[in-house]
Amino acid sequence: MDVKIDSLTKKFGSVVGVDNLNLNIEDGEFVALLGPSGCGKTTTLLMLAGIYKPTDGVIRFGDRVVNQVPPRDRNIGMVFQSYALYPHMTVFGNMAYPLKLKKVPKQAQMERVEQAANTMGIGHLLDRRPAQLSGGQQQRVALGRALVKEPDILLFDEPLSNLDARLRLTMRGEIKQLQNRLGITSVYVTHDQVEAMTMADRIAVMSQGVLQAFDTPEDLYDRPKTLFVAGFVGNPPMNFTDVRVAADNGHVMARSDALGLAVPQARAEKVLKHGGTVRMGIRPEDIHVVDGDDGLVGEVNVVEPLGRDDLLDVRIGGEQFLVLADPHKRIRAGNPVRLRFDMDNVQFFDIETERSLLWN
């Protein structure tokens, strides 16, 4: 089932939680709502669930306006951060409870619970209570309980944040595979960009109640449309510095007090139209430590070993840049390094509007 959100607004007194949000979610699509705490993503999810009523705007499930439809009549399944399992009930009792409320016959309850439990790999746990389960098993019970309702839409509210790192990785893959197999339209709230990037077909990035971008993970990363998206999506985060872009002896150069970098023609044409000082962004993996006499000279302040890479904090003049380097180079704090900037992947933004000069 497709979901359409038109001009959705939610206010709590004078505080605006969600401001004029517009999203079209396609049938069977997995969409992540991504942003920092307080950005409005959970408020949006709760309006989809019917727990919050919108101050303004319209929510449609298919052709049906659901603004005034109570949660029990929306045919949604919801998976909570806290799992929300009843401790006195068995796994079977927890999973069957939504069907019991709907007065589904007992035989049908048993069949649907067993089917969902086998799908989630917890068919052998139906007689246990939540206290006898691991965190991952409890999460599977919560997901199975949502699935037995045979919902049109699945809603996830940061369901993996209580799990350890290794189990989060496993559950990410399992949830995505299950969603692909069942084809249920899903909306997934998270502040973890890795979850959003690895699981979602498209990501809605929010900040202070306002939608910043709604795009595929690849486009958000490679073609960020706002300064906020560029800085929020990606780990380690993108480096930013203010530069003046101007033609110079047949080349287009981006210059600051510390930098002098040639801008590729395709990007230079768009930035030159803007003129003046702009904000340049470049990701740590697009700055390379090089040998010889090429590149800009900097000094390493801090080295953070990450295993596959070393994260370097490098100072060039009065500016600092995060750089990913090969740990076999054995770079240490205080060492001088030469850096080459991959300008084919550089981003430019208007300082006032914070909009991209390349992708808008």
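Everything numeric here is computed off the predicted structure, so don't read it as measured data.
No side-chain heavy atom of Ile59 sits less than 4.5 Å from a side-chain heavy atom of Val65. Here the side chains of Asp2 and Thr185 are not in contact, with every heavy-atom distance at 4.5 Å or above. Contact of the Asp313 side chain with the Glu304 side chain is not registered, since no non-hydrogen atoms from C-beta on lie closer than 4.5 Å. Using a 4.5 Å heavy-atom cutoff, the side chains of Lys100 and Lys106 are not in contact. No side-chain heavy atom of Ile76 sits less than 4.5 Å from a side-chain heavy atom of Asp152. Annotation: side chain of Val245 is in contact with side chain of Leu272 (closest heavy-atom distance under 4.5 Å). Looking at Glu26 and Arg202, their side chains come closer than 4.5 Å, going by heavy atoms from C-beta outward. The closest side-chain heavy-atom distance from Pro54 to Lys10 is not below 4.5 Å.
Note that the CG atom of Asn345 and the CG atom of Asp222 stand 7.5 Å from one another [nearest 0.5 Å]. Here the straight-line distance linking atom CD1 of Ile316 with atom CD of Glu299 works out to 11.5 Å at 0.5 Å rounding. To the nearest 0.5 Å, atom CD of residue Gln81 and atom OG1 of residue Thr190 are 9.5 Å apart. For the atom pair CD1 (Ile122) and CZ (Arg140), the distance works out to 8.0 Å, reported to the nearest 0.5 Å. Distance CE/Met95 to CE/Met89: 13.5 Å, rounded to 0.5 Å. Atoms CG and CG, from Leu324 and Asp309 in turn, are 5.0 Å apart once rounded to the nearest 0.5 Å.
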Output side-chain donor-acceptor pairs under 3.5 Å for residues 223-237, partner residues at least two apart or in another chain, one line each.
from   : atom 1 : to     : atom 2 : distance (Å)
Arg223 : NE     : Asp219 : OD1    : 3.0
Arg223 : NH2    : Asp219 : OD1    : 2.2
Lys225 : NZ     : Asp215 : OD2    : 2.8
Thr226 : OG1    : Val229 : N      : 3.2

Indicate every side-chain donor-acceptor pair of residues 38-51 with a distance under 3.5 Å to a residue at least two apart or in another chain.
from  : atom 1 : to     : atom 2 : distance (Å)
Lys41 : NZ     : Gly35  : O      : 3.0
Lys41 : NZ     : Pro36  : O      : 3.1
Thr42 : OG1    : Asp157 : OD1    : 3.4
Thr44 : OG1    : Gly40  : O      : 2.9

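Between the side chains of Ser256 and Glu319, at least one donor N or O sits under 3.5 Å from an acceptor N or O. In summary, the side chains of Ser207 and Gln212 do not present any donor paired with an acceptor at a separation below 3.5 Å, with no hydrogens or angles considered.
Enclosure of atom CZ in Arg166 is not indicated, since only 12 or fewer non-hydrogen atoms of other residues, nucleotides or ligands lie within 6.0 angstrom. Environment of CG in Asp73: crowded, with over 12 heavy atoms of neighbouring residues, nucleotides or ligands closer than 6.0 Å.
Proximity of a side-chain donor or acceptor of Thr9 to a complementary backbone N or O of Asn20 within less than 3.5 Å is detected. In this structure a side-chain-to-backbone donor-acceptor pair under 3.5 Å is present from Arg267 to Val346. Panel note: side chain Asn118, backbone Glu114; a donor-acceptor pair is recorded below 3.5 Å. Although no hydrogens or angles enter the test, the distance criterion places no donor-acceptor pair under 3.5 Å between the side chain of Glu195 and the main chain of Asp192. Proximity of a side-chain donor or acceptor of Arg145 to a complementary backbone N or O of Asn94 within less than 3.5 Å is not detected. Within the 3.5 Å criterion, the main-chain N or O of Leu163 finds a donor-acceptor partner in the side chain of Arg168. A donor-acceptor contact shorter than 3.5 Å links the side chain of Asn67 to the backbone of Gly57. Using modelled atom types, no side-chain atom of Arg244 and backbone atom of Ala254 make a donor-acceptor pair closer than 3.5 Å. At least one donor-acceptor pair under 3.5 Å links the side chain of Arg74 to the backbone N or O of Val69.
Salt bridge annotation for Arg279-Asp242: present, with a cationic side-chain nitrogen under 4.0 angstrom from a carboxylate oxygen. Taking a cutoff of 4.0 Å between a charged side-chain nitrogen and a carboxylate oxygen, Asp201 and Lys176 qualify as a salt bridge. Ion pairing between Arg338 and Asp294 fails under the 4.0 Å rule for side-chain N and carboxylate O. Remark: Arg255 engages Asp248 in a salt bridge, criterion side-chain N to carboxylate O under 4.0 Å.
Met197 and Ile175 fall into different hydrophobic clusters, where Ile, Leu, Val, Met, Phe, Trp and Tyr residues are linked whenever their side-chain heavy atoms come under 4.5 Å apart, directly or through other members. Leu99 and Leu182 fall within the same hydrophobic cluster, where Ile, Leu, Val, Met, Phe, Trp and Tyr residues are linked whenever their side-chain heavy atoms come under 4.5 Å apart, directly or through other members. In the hydrophobic clustering of this structure, Phe80 groups with Ile153; members are Ile, Leu, Val, Met, Phe, Trp, Tyr whose side-chain heavy atoms approach within less than 4.5 Å, directly or through other members. Note on Val243: it clusters hydrophobically with Val323, by side-chain heavy-atom contacts below 4.5 Å among ILVMFWY residues. Taken together through direct or relayed side-chain contacts under 4.5 Å among Ile, Leu, Val, Met, Phe, Trp and Tyr, Val189 and Ile203 form parts of separate hydrophobic clusters.
Applying the ring pair (Phe, Tyr, Trp, His ring centres under 6.0 Å) definition to pairs two or more places apart or across chains, those involving residues 338-360 are Phe321-Phe341. Pairs of residues two or more places apart, or lying in two chains, that qualify as ring pair (Phe, Tyr, Trp, His ring centres under 6.0 Å) and include a residue from residues 20-41 are Phe30-Tyr188. Listed by first then second residue, pairs satisfying ring pair (Phe, Tyr, Trp, His ring centres under 6.0 Å) with a partner in residues 270-310 number zero, not counting sequence neighbours. Evaluation of the ring pair (Phe, Tyr, Trp, His ring centres under 6.0 Å) test over residues 40-70, restricted to residues two or more places apart or in two chains, returns Phe12-Tyr52.
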| task | Could you walk me through whether Met238 and Ile282 pass the side chain to side chain contact (heavy atoms under 4.5 Å, CB included) test, one step at a time? | result | CA-CA 6 Å; Met238 184 178 285; Ile282 187 165; 5.5 Å; no
| said: Evaluate Arg60 against Asp6 for side chain to side chain contact (heavy atoms under 4.5 Å, CB included), listing each step before the verdict. | reply: CA-CA 8 Å; Arg60 290 184 176 86; Asp6 296 324; 2.7 Å; yes
| request: Evaluate the criterion side chain to side chain contact (heavy atoms under 4.5 Å, CB included) for residue pair Asp344 and Asp286; output intermediate values, then yes/no. | output: CA-CA 9 Å; Asp344 288 326; Asp286 293 324; over 6 Å; no
| Given the rule in the side chain to side chain contact (heavy atoms under 4.5 Å, CB included) test, do Leu133 and Val141 qualify, once you have shown the distances and angles that lead to the verdict? | CA-CA 10 Å; Leu133 305 177; Val141 174; 3.8 Å; yes
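In this view, Gln68 satisfies the side chain to side chain donor-acceptor pair (under 3.5 Å) rule with no residue, not counting sequence neighbours. With sequence neighbours excluded, no residue satisfies salt bridge (Lys or Arg N to Asp or Glu O under 4.0 Å) with Glu285. Residues satisfying the ring pair (Phe, Tyr, Trp, His ring centres under 6.0 Å) test with Tyr83, not counting sequence neighbours, are none. Residues satisfying the ring pair (Phe, Tyr, Trp, His ring centres under 6.0 Å) test with Tyr221, not counting sequence neighbours, are none. The ring pair (Phe, Tyr, Trp, His ring centres under 6.0 Å) check on Tyr97 picks up Tyr86, with sequence neighbours excluded. Evaluation of the side chain to side chain donor-acceptor pair (under 3.5 Å) rule for Arg112 yields no partner, not counting sequence neighbours.
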